Chemist: 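Provided herewith is a single structure, encoded as structure tokens, for subsequent inquiry.
In each ligand, atom 1 is the first atom listed, and ligand 1 is the first ligand listed. Since the structure is predicted, the reported quantities are computational estimates derived from the model, not experimental observations.
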Amino acid sequence: MAATILDGKSIAMQIRMEVAEGVLRLRETTGVVACLAAVLVGEDPASQVYVRNKEIACHKAGIESRMFRLPASTTMEELLGLLDRLNQDDAIHGILVQLPLPRHLEERRVLDRVDSAKDVDAFSPENVGLISQGRPRFLPCTPHGVMQLLHRCGIDVAGKEVVVVGRSDIVGKPLVSMCLQKSGPWGDSNANATVTCAHSRTVDLASVTRRAEILMVAIGKARAITAEMVRPGAVVIDIGINREGDGICGDVDFDSVKEIASAITPVPGGIGPLTIAMLLQNTLAAAEFAASA
Ligand code: GUN
């Protein structure tokens with residue numbers, strides 16, 4: 001039987017409506033207008049689209065957005081100086097630096113400069129540490145989107161064999177961390193998994209992925225996961241965004257895997273829309289922290 005298609009787009013719309021209500025409530029009760037600053041350096045076409053989409057999404061949720069589009073020639077000193085000013089500006093609650101940065105800029109040093117209380121990507125060492133200890137301030141947007149989708153589709157990870165393919169700091173590692181915790185944002189049902197992380201040096205990847213009751217894939221390789229690598233009845237979460245002609249495709253070979261999985265996320269329309277929804281939710285949370293400080 002063909003898999004249920006998990007509709008990330010409609011879940012993202014639901015979350016965005018909830019955030020819009022929260023933004024309005026915060027404004028009415030405290031006068032604080034949630035505000036996100038986004039920094040884009042250079043002309044990477046995909047990043048320009050992502051940042052534009054974030055700007056539009058902020059606007060629709062009633063979140064103020066301040067966009068800083070800097071030339072590719074921007075120096076470390078200029079970028080760090082801008083981040084210092086944004087850190088000090090009380091009207092700005094969330095800051096994000098769009099990745100990837102041009103090669104001459106040191107990504108780690110730049111991300112470390114963002115005030116942890118405004119770090120809505122949850123990339124700072126402090127925020128990563130808090131997640132690892134099971135007491136998050138912000139949850140990183142894409143992994144949080146995965147957990148939201150599972151939760152809202154009634155799929156628990158507790159006690160399940162979860163295999164995460166990919167060990168990036170942005171997606172793979174935080175997903176592992178969140179699935180491993182004793183409790184998550186909704187209690188213990190979307191935590192407490194038995195988690196394996198596979199990566200580029202994993203020997204016999206297919207034998208590992210076939211163990212998964214829930215398979216989460218974030219490796220950035222178009223259609224790398226094929227039906228014979230998937231356990232029958234598994235839930236498959238595709239976090240890949242690979243450019244292909246005019247469109248995009250995921251890391252999972254959707255057409256073959258949907259015939260063997262019990263549920264699967266499409267690309268586009270799966271996890272992608274949830275990433276932006278969770279960014280809005282983190283910006284609201286940052287504004288609420290600031291308002292209650
Ligand atoms: N580039 C690709 N994904 C992300 C993300 O989640 N946050 C930021 N800031 N840049 C990205």
Chemist: Can you name the salt bridge (Lys or Arg N to Asp or Glu O under 4.0 Å) partners of Arg210, sequence neighbours left out?
Modeler: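 Partners of Arg210 by the salt bridge (Lys or Arg N to Asp or Glu O under 4.0 Å) criterion come out as none, since no residue qualifies.
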Chemist: Going by the rule side-chain contact (heavy atoms from CB on, under 4.5 Å), which residues pair with Arg152 if we only count those two or more places apart in sequence or in a different chain?
Modeler: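 Applying side-chain contact (heavy atoms from CB on, under 4.5 Å) to Arg152 gives Ile11, Gln14, Ile15, Glu18, Gln148.
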Chemist: What does the 4.0 Å heavy-atom contact list look like for ligand 1?
Modeler: Leu96, Val97, Gln98, Leu99, Asp121, Phe123
Chemist: In terms of side-chain geometry, is the basic nitrogen of Arg25 or Glu28 positioned less than 4.0 Å from the acidic oxygen of its partner?
Modeler: no
Chemist: Does Ile219 sit in a hydrophobic cluster with other residues, and if so which ones, taking ILVMFWY side chains as linked at heavy-atom separations under 4.5 Å, directly or through other members?
Modeler: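 Members alongside Ile219: Ile5, Val163, Val165, Leu205, Val208, Leu215, Val217, Ile225, Met229, Val230, Val236, Val252, Phe254, Val257, Ile260, Ile264.
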Chemist: Is there side-chain contact between Met67 and Ser65, with heavy atoms separated by less than 4.5 Å?
Modeler: yes
Chemist: Would Glu126 and Ser124 count as having a side-chain donor-acceptor pair, cut-off 3.5 Å?
Modeler: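 Side chains of Glu126 and Ser124: no pair found under 3.5 Å.
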